[in-house]
K.L.:
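Mind looking over this structure? Questions follow.
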Number of protein chains: 2
Amino acid sequence: MELEEAKKKFIETWGKLGSEWGINRTMAQVHALLLISPEALTTEEIMKTLSISRGNANMTLRDLIGWGLIEKQHKAGERKEYFHADKDTWNIARQVAKERRKRELDPVLKALDELTKVEGDVNNPEYQTFINSVTDINKLAKNVDKTLDTMLKAEESWFWGSIFKIFK
Amino acid sequence: MELEEAKKKFIETWGKLGSEWGINRTMAQVHALLLISPEALTTEEIMKTLSISRGNANMTLRDLIGWGLIEKQHKAGERKEYFHADKDTWNIARQVAKERRKRELDPVLKALDELTKVEGDVNNPEYQTFINSVTDINKLAKNVDKTLDTMLKAEESWFWGSIFKIFK
DNA sequence: TTAAACTTTCAATAAATTTTGAAAGTTTAA
DNA sequence: TTAAACTTTCAAAATTTATTGAAAGTTTAA
C-alpha cells in the first residue's frame with residue numbers, strides 16, 4: 001500500500017470508529033486528517049481534501065476545538081486560520097474521556113442518585129427489583145467515574161507503567 | 001418521586017445513555033424495562049409498556065439476546081415466550097465490553113496493523129507524521145484491547161477489590 | 001472609511017437510521 | 001390435518017441526524 005492510499009484508509013477507519021462510538025463521522029475524519037498532517041491546515045484545504053462544505057468544515061472544526069482535540073494557529077503575515085491537532089495519543093484519549101464524562105456520565109450519575117432515593121414498600125417485588133438494579137448500576141457508574149478521575153490525573157508513563165503490571 | 005414515575009425516568013435515562021454510546025435507544029429502553037421487572041415479560045407487555053410496534057419489539061429483543069443481555073424463558077403450559085434480563089451489573093458491563101470489542105475494536109486493530117506496514121521515505125515529513133500517529137494509536141488500541149481482555153476474564157470481586165486499591 | 005479576505009450562521013435539503021404494521025411463517029394442541 | 005396462537009420478516013414511512021451553501025457577519029490593511 002502506498003502512502004496516499006494509506007492516508008485515505010486511516011481517515012476512513014477513524015471515521016467509522018468515531019461513528020460507532022457516538023462521535024460524528026465527519027468530526028472524526030477531520031481529526032484523522034489533522035493527525036497525519038505534518039503542517040497545520042486551513043479550512044479550505046480540509047474542505048477540499050475531505051469533500052465537505054464550508055459550513056460543515058467550520059462547525060466540525062469548532063466542535064473539535066470544543067473537545068480540546070485541535071487548536072487554531074495564526075501564521076505571521078497571514079489572515080487565514082490554520083488548524084493543527086495534538087498528536088499525543090495519551091492526551092487525545094484523556095481529552096475524549098474527560099469530555100464524555102462531563103457531557104454524559106455526570107448527568108447519568110445525577111439522575112441515578114435521584115432514583116435511588118425513591119421510597120416504597122420493601123415487600124413489593126416491583127420496588128425491590130427497581131431499587132436493586134438502580135443501586136447496583138449506580139455503584140458501577142460511580143466506580144467508572146472514580147477510575148476515570150484517577151486516569152485523567154495520571155501521567156502517561158505512570159499509567160502504562162503501573163497499570164499493566166497488575167493487568168499482566 | 002413515586003415508583004411509577006421513577007421507572008419511567010430510569011427507562012428514559014438508560015435509553016439516552018445508550019443512544020449517546022451508539023446503542024439504539026429502543027434497545028436500551030427494552031433492556032432497562034427488563035432490568036427493573038421482577039418477572040419475565042412477554043413481547044406483548046413490552047410493546048404496550050414502551051408503546052412500540054410488534055416488529056420493533058421483536059427485532060430489539062433478538063438483538064438484546066445477540067448481545068447476551070437477555071434470555072428467552074418458557075413457562076410450563078404456556079405458548080408465549082417470556083424475556084428476562086440478567087440483573088448482575090458486572091455481567092452486563094462485561095457482556096457489553098465483550099461484544100463491542102469483537103464488533104468494533106478488533107476490526108480497527110486489524111486495519112491499524114496494516115497501516116503501520118506502509119513503506120515510504122523516512123525523510124518525507126508526510127510519511128513520518130503518518131507513521132508516528134498510526135503507530136502511537138495502534139499501541140494505545142492494543143493496550144486497551146489487553147486491558148479489556150484481562151477485565152473480561154476477571155471476577156467481579158477481584159476487579160472491584162484490587163483495582164481500586166491502586167486507583168485509590 | 002471601505003472593500004477584500006475570511007469566518008460564521010442557519011433554513012433548507014439530503015442522508016442515515018429507526019419504526020411500523022400487515023403479511024408470511026411457524027408451532028402446537030386437539 | 002387444521003386452525004388458533006404466536007413469531008418473524010421486510011418494504012414503506014417516519015424520525016433523527018448531518019450537510020449544504022448562500023447570505024450575513026467580522027476583521028484587517030490601506
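Note that the structure is a prediction, hence the values are computed from the model and not measured. Letters go in sequence order (proteins before strands), and every chain restarts at 1. Atoms considered below: every heavy atom in the structure, side chains included; atoms not considered: hydrogens, waters and symmetry mates.
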K.L.:
Would you classify B:T42 as touching base, sugar-phosphate or nothing, given that sugar-phosphate means primed atoms plus P, OP1 and OP2, and contacts are heavy atoms under 4.0 Å?
P.N.:
nothing

K.L.:
For A:Y82 and C:dA5, what is the distance between atoms OH and C1' respectively, to the nearest whole Å?
P.N.:
13 Å

K.L.:
Rounded to whole Å, please give me the gap between CD1 in A:I46 and P in D:dT19.
P.N.:
15 Å

K.L.:
The side chain of B:S53 lies closest to which of these nucleotides: C:dT9, C:dT20, C:dT7?
P.N.:
C:dT20

K.L.:
Under 4.0 Å between a side-chain N or O of A:R62 and OP1 or OP2 of C:dT9?
P.N.:
yes

K.L.:
Do the rings of B:H31 and B:W14 sit parallel, tilted or perpendicular, given the 30° and 60° boundaries?
P.N.:
tilted

K.L.:
For A:E119, does the CD atom have more than 12 heavy-atom neighbours from other residues, nucleotides or ligands under 6.0 Å away?
P.N.:
no

K.L.:
Of the nucleotides C:dT18, D:dA18, D:dT8, which one has an atom closest to the side chain of A:N24?
P.N.:
D:dA18

K.L.:
Among D:dT7, C:dT9, D:dT9, find the nucleotide with the atom closest to the side chain of B:R54.
P.N.:
D:dT7

K.L.:
Could you tell me which nucleotide pairs with D:dA3 by Watson-Crick or G-U wobble geometry, both distances under 3.5 Å, or answer none if nothing does?
P.N.:
C:dT28

K.L.:
Side chain of A:R79 only, heavy atoms from C-beta on: which candidate in C:dA5, D:dT8, D:dT9 is closest?
P.N.:
C:dA5

K.L.:
Give one of base, sugar-phosphate or nothing for B:E44, where a contact means two heavy atoms less than 4.0 Å apart.
P.N.:
nothing

K.L.:
Between A:R25 and A:E78, which is nearer to the 5' end of DNA chain C once each is assigned its nearest nucleotide?
P.N.:
A:E78

K.L.:
Looking at B:T26, I'd like to know whether one of its side-chain N or O atoms comes within less than 4.0 Å of OP1 or OP2 on C:dT19.
P.N.:
yes

K.L.:
A:E20 has an atom CD; how far is it from atom P of C:dA16, in whole Å?
P.N.:
15 Å

K.L.:
Could you please name the option among D:dT20, D:dT8, C:dT8 that lies closest to any side-chain atom of A:N56?
P.N.:
D:dT20

K.L.:
With a 3.5 angstrom cut-off on both distances, give the Watson-Crick or G-U wobble partner of C:dA12, or none if there isn't one.
P.N.:
D:dT19

K.L.:
I'd like to know if B:V96 and B:M151 are part of one continuous hydrophobic network [Ile/Leu/Val/Met/Phe/Trp/Tyr, side-chain heavy atoms within less than 4.5 Å].
P.N.:
no

K.L.:
When the distance from CG of A:N58 to P of C:dT8 is rounded to whole Å, what number comes out?
P.N.:
4 Å

K.L.:
Under 4.0 Å, heavy atoms only, any strand: does A:S19 hit a base, just the sugar-phosphate, or nothing?
P.N.:
nothing

K.L.:
Would you mind reading off the distance between A:E81 atom CD and C:dT8 atom C1', rounded to a whole angstrom?
P.N.:
11 Å

K.L.:
Could you go through A:K7 and B:E126, starting from their C-alpha distance and side-chain angles, then the distance that decides it, and tell me whether this counts as salt bridge (Lys or Arg N to Asp or Glu O under 4.0 Å)?
P.N.:
CA-CA 10 Å; A:K7 281 185 185 173; B:E126 298 279 329; 2.6 Å; yes

K.L.:
Let me see the working for B:E44 and B:R54 under salt bridge (Lys or Arg N to Asp or Glu O under 4.0 Å), right down to the final yes or no.
P.N.:
CA-CA 8 Å; B:E44 210 75 30; B:R54 185 172 300 284; 3.1 Å; yes

K.L.:
Distance check needed: C:dT19 P versus B:M47 CE, whole Å only.
P.N.:
14 Å

K.L.:
To the nearest angstrom, how far is A:L50 atom CG from D:dA18 atom C1'?
P.N.:
15 Å

K.L.:
Between B:L61 (CG) and C:dT19 (P), how many Å, whole number?
P.N.:
13 Å

K.L.:
State which residue, out of B:K142, B:R101, B:K102, fulfils the salt bridge (Lys or Arg N to Asp or Glu O under 4.0 Å) condition with B:D149.
P.N.:
B:R101

